[in-house]
Amino acid sequence: MGKYVRDLTIKESRKAGSDLQLITLFTGQPFPGFLPGQFLQIRVDGSSDTFLRRPFSVHDYDSSSGELKILVHIVGNGSRTLAAMPPGESVNAIFPLGNSFTMPEKGQKVLLVGGGCGIAPLLYLGRKIVENGIKPQFLLGFRNSSVMPETRPYSELGELLIVTEDGSEGEAGFVTDHHVLKEGEYDRIYCCGPDEMMKAVVNAPAALNAGCEVSLENLMACGFGVCLCCIAETVRGNLCTCTDGPVFNSADLKWGQPGISCG
Amino acid sequence: MGKYVRDLTIKESRKAGSDLQLITLFTGQPFPGFLPGQFLQIRVDGSSDTFLRRPFSVHDYDSSSGELKILVHIVGNGSRTLAAMPPGESVNAIFPLGNSFTMPEKGQKVLLVGGGCGIAPLLYLGRKIVENGIKPQFLLGFRNSSVMPETRPYSELGELLIVTEDGSEGEAGFVTDHHVLKEGEYDRIYCCGPDEMMKAVVNAPAALNAGCEVSLENLMACGFGVCLCCIAETVRGNLCTCTDGPVFNSADLKWGQPGISCG
Amino acid sequence: MIDMTVDLNGLKLKNPVMTASGTSGYGTELEDFFDPSLLGALIVKGTTPEPREGNRYPRMAETASGMLNSVGLQNKGIGHFKEVIYPDISRYDTEVIVNINGNTIDDYLNITGQLVSMDKIRAIELNISCPNVKMGGMAFGTHSASAREVIREVRKAWPRHLMVKLSPNVTSVTEFASIAEEEGADSLSLINTLLGIAIDAEKRRPKLANITGGLSGPAIKPVALRMVWQVSKAVEIPVVGIGGIVSSDDALEFIIAGASAIQVGTGIFLDPEAPVKIVKGIEDYCKRHGFSNTEEFRGSFEDVAP
Amino acid sequence: MIDMTVDLNGLKLKNPVMTASGTSGYGTELEDFFDPSLLGALIVKGTTPEPREGNRYPRMAETASGMLNSVGLQNKGIGHFKEVIYPDISRYDTEVIVNINGNTIDDYLNITGQLVSMDKIRAIELNISCPNVKMGGMAFGTHSASAREVIREVRKAWPRHLMVKLSPNVTSVTEFASIAEEEGADSLSLINTLLGIAIDAEKRRPKLANITGGLSGPAIKPVALRMVWQVSKAVEIPVVGIGGIVSSDDALEFIIAGASAIQVGTGIFLDPEAPVKIVKGIEDYCKRHGFSNTEEFRGSFEDVAP
Ligand SMILES: Cc1cc2nc3c(=O)[nH]c(=O)nc-3n(C[C@H](O)[C@H](O)[C@H](O)COP(=O)(O)OP(=O)(O)OC[C@H]3O[C@@H](n4cnc5c(N)ncnc54)[C@H](O)[C@@H]3O)c2cc1C
Ligand SMILES: Cc1cc2nc3c(=O)[nH]c(=O)nc-3n(C[C@H](O)[C@H](O)[C@H](O)COP(=O)(O)OP(=O)(O)OC[C@H]3O[C@@H](n4cnc5c(N)ncnc54)[C@H](O)[C@@H]3O)c2cc1C
Ligand SMILES: Cc1cc2nc3c(=O)[nH]c(=O)nc-3n(C[C@H](O)[C@H](O)[C@H](O)COP(=O)(O)O)c2cc1C
Ligand SMILES: Cc1cc2nc3c(=O)[nH]c(=O)nc-3n(C[C@H](O)[C@H](O)[C@H](O)COP(=O)(O)O)c2cc1C
Ligand code: FES
Ligand code: FES
């Protein structure tokens, strides 16, 4: 699949929760589009601390309008600078990068689990699943309601279950406490979030008989497979998160790795 | 004299000629004010190429309103970034820095010569000279009329003579070709501009019996006398342009120094 | 007309721009962005006799205008290269140079021996400067007797162009340059990364699993330029400049300091199209300044008083 | 209550923050911004027996996240220091440490001899690592026998705290650290600048009149941290960390790597108030993490697996 290095114009940028910014980028000239789970490497100019590009997942994409959404958690200099850029300015991006989630087959029961920083890719994944004729369930966990993005886009696609640590919205606790992970029956579970959460999810009773795919957010230097910095330790050896991933079958991962993902 | 490290707010910023930006900064809380010839060290964030602060002269200052003007020639990354900053943003500055021009005595005949990038400090100097009851003459030289700033502020203070290399405004040629430098008689000549120009001015016939002061724009790391990077070679040894200068008596300078100033 | 070719002591390059080892995979990954045949040469990732998994994650940390990496020569071994990669990249209309590594001299000889039969490979880059492996690597490149020995043995075993890649983590880079020249190296490339560490103050732990890593990027350019300048004055063989090159201005600075050619490393991560842009930028510079070939201003910066 | 004091092998500091030599003049220049007595120590500019004019202009060039300087020890000599500076700075309620330099061992002894009578000076920093002078300087700090000799002789002549400032331009910084320890140094400070050059590609000339200069600033922090870590593991005497410190996070990283105290150099140019802000930032960190003294987490980063 070809890759593009392009200046994308910021069409809209708005606060989507505390420390959360929803940015709409215009992708311009045609290109083959994005698969769910893919990401972009965005150059954030203007600081010696953001020397390398920053990876961000496709949060949503509309091929007819060419509008791409990214959901940015503000955690450091790069994300802060990006979130503060006004509409009209442009950012340089390399895309589309990475593999993608495997689409479920007709009639399968599907759960999408996201925690905190890991929810970004799940909206676009949900949309593609719906386009495939399946209504997914979303289980999203947050520290509290203030850090939550708008939930309507999710509930429009499928059933939405919310968990917050302080109970300020939905059930109180961690996503892994939710009964669907204990008693639910699924064919496929897709998961993205902090390391500990993903580990717990793929080991939950509900995941026992399901195919589980997780999306990793390993530190990256290049994002297109040339530096070998972003490896995930797998049963097939060290694989690149940026080209062999970011989506991995949970059974392939060794999980012993320190700081495997965004947590 | 105390020095201040403060965030100054950009009140206004407008194009003042090609590659020339006039920026009005608000100095805020009271401080002793500026002497003519003094400068500020301005931090231009946002690029690893503008790691150090950038020195800019006081172009004009109104102590009653606290408004300070700097005239920025866009020559590289730092000046470009500064010139592009919108009103409302602030820049961190250290000020006031450097010595100052010596005020002429009552009744003295005074010429202010500026070339290209060196005209910035002459407006404020002219204003102070006028406040001292003397009407100065300005001799300003430019490549052509498009790179000239607005001339009214100068002509309001004194007689204004313009020279452009291509004759697009005023006389054609170099400032040093102007007859006032050949035949004029002055008690004091103040000069700021490219190295070669300053050298020629202080050696012009009109300068023979005048006290000449020049303002240097040596490369600086600190701007407040601690690094010893900015030295000017003088008959009294190497002196700091940032504390012993930027204004020097031309007779003290050795002039053998490579790239002594902004040219 | 600008003649962009470079004669690197017999190795003819169509232009002075190469990719640096470990920063462009096998070159094939770049095809998504441009035709690798447009470059002067491709230097493929550090290759060892046996497959290696490299060091543990995290392997990279960002630093001011630079980055640390502790990849540690992850690669699938020379066998995989021979069977899978070589047939594929032989189609490139440019030089493919293999960066060779080992724990022991025998390792280096093993890999050299296998490369001899691969006709497309006109040159090897002998890496005695990898800071990220416990054995071999920088240990060879920072100890003069070992450096001499490994270069001598590889020289005997390798009939074509031998480029030796020097470590900057030494007191005297010219000492190692001279050793390489004496032992018959055809060219030198420098610099490899500077050994560094990064620390997370909040967590009070190293940012790299391996603790130390190699510093690359614009941060190291002044050191790289200095070493290239020193070495190109100290030896007769051509020097290939590496370190912090992200633009054609950077590349030109290395040529002005004395380099015959240059390699782009970390710059590729910032902009995968950087190598071709640099080729173009050098050509434009030649035009603008009236040079017909880079050789006309190579090492010229001492001709002019500052 | 946070106890910010540091016991540097007998030299008591009120906090771990010092100014680096050559970047704060004689300390008096900082009075415009803050009271120098708030710092752990002031290290005054490199002083030689005779007055020196230093190298020619231009002496500085900006680089990515750093700068090169080729000041070359411009100073008015120890005589001027004794008569004019010393009486003035004796009023500071903090340690004043003199950075001493020379072309020959006799030069170092001359200046040491004169400092003995200045009671206020409880410590000297023996600089064997200045890259900007033709004779002496780094020549001592990159050659082990010379380093040993100059340290030995100065040690004999100086009864109070002896801090030795090491050069990073060596293959093994621990070798020089051990030599200094063996010869009786009370503490070590590192790193001095990395030797580098900068080139103006358009003009094809060096940016510094001296061609080479010393690289400082955030660009070099990873190398400095690595060397501080290596040295603090290799010797028993305390280490003072220097290199690219502009914030309290940077300072903390050096302490976590093993430094007992730190010096702020180029950081002062960016923000003259940086040293006092760093003192405050370290104090806040201690509070936040429940430490009562920096010694509690010094060198701690290897306790935790990354
Ligand atoms: C494939 C992929 C997809 C991603 N998608 C998104 C997304 O859609 N939305 C989003 O907000 N973020 C996403 N991330 C994470 C995002 O790239 C980082 O948060 C961002 O690079 C941080 O940059 P910064 O300059 O703001 O923070 P820095 O100043 O660089 O870092 C701040 C803190 O965050 C940590 N950190 C930085 N990057 C990562 C990372 N990749 N993993 C774990 N910790 C990190 C640092 O160690 C540090 O503690 C994704 C990462 C990957 C690899
Ligand atoms: C005391 C003093 C007062 C000054 N006052 C003004 C002023 O009022 N208005 C104004 O426009 N400029 C003034 N300057 C010059 C100004 O500081 C520089 O033009 C500016 O720092 C350039 O920054 P940059 O990042 O845009 O350019 P850079 O990218 O740093 O440099 C671009 C080019 O300009 C050259 N250059 C940079 N700084 C200088 C310098 N100081 N002298 C000579 N060449 C230089 C560089 O070598 C390079 O070739 C003054 C300088 C000094 C020392
Ligand atoms: C991620 C990474 C991997 C590298 N791997 C190798 C390698 O395998 N062999 C080698 O000789 N150099 C390797 N290097 C060093 C580069 O080839 C180059 O010498 C160094 O990065 C300096 O150049 P730069 O600043 O342009 O990156 C690697 C560098 C990086 C950043
Ligand atoms: C302009 C300048 C002058 C310096 N002069 C001296 C000196 O006289 N003696 C010395 O030991 N180090 C000198 N140094 C080195 C600093 O003390 C310090 O070791 C180095 O700059 C690294 O620290 P930094 O990155 O915080 O600047 C000088 C550094 C600079 C930038
Ligand atoms: S980030 Fe470079 S290979 Fe994955
Ligand atoms: S710029 Fe530092 S002393 Fe003048």
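Each chain gets a letter, A, B and so on, in the order the sequences are listed, and its residues count up from 1.
- One distance of note links CG of D/Asp250 with CD1 of C/Ile199; it measures 11.0 Å at 0.5 Å rounding.
- Contacts of D/His143 with chain C are absent, with no heavy-atom separation under 4.5 Å from either backbone or side chain.
- Across C/Val223, C/Val228, C/Asp200, C/Ile255, the residue that shares the most heavy-atom pairs under 4.5 angstrom with chain D is C/Val223.
- Residues C/Ile211 and D/Trp229 meet the side-chain proximity criterion, which asks for heavy atoms closer than 4.5 Å.
- Contact check for C/Ile197 versus D/Phe301: side-chain heavy atoms found under the 4.5 Å cut-off.
- C/Glu202 touches chain D through backbone and side chain together, each having a heavy atom under 4.5 Å away.
- At a 4.5 Å heavy-atom cutoff, the contact between C/Leu225 and chain D is made by backbone and side-chain atoms alike.
- Heavy-atom neighbours of C/Lys277 NZ from other residues, nucleotides or ligands within 6.0 Å: above the threshold of 12.
- Contacts of C/Tyr285 with chain D are made by side-chain atoms alone, with heavy-atom separations under 4.5 Å and no backbone atom involved.
- Classification of C/Glu253 and D/Arg204 as a salt-bridged pair fails, no side-chain N sitting under 4.0 Å from a carboxylate O.
- Judged by distance alone, the side chains of C/Thr142 and D/Thr171 never bring a donor and an acceptor atom under 3.5 Å apart.
- D/Arg226 places a side-chain N or O within donor-acceptor distance of the main-chain N or O of C/Leu195, the cut-off being under 3.5 Å.
- Of the listed residues D/Gly244, D/Ser172, D/Pro222, D/Gly196, the one with more heavy-atom pairs under 4.5 angstrom with chain C than any other is D/Pro222.
- Smallest separation of non-hydrogen atoms from C/Leu215 and D/Ala219: CD2-O, 3.8 Å.
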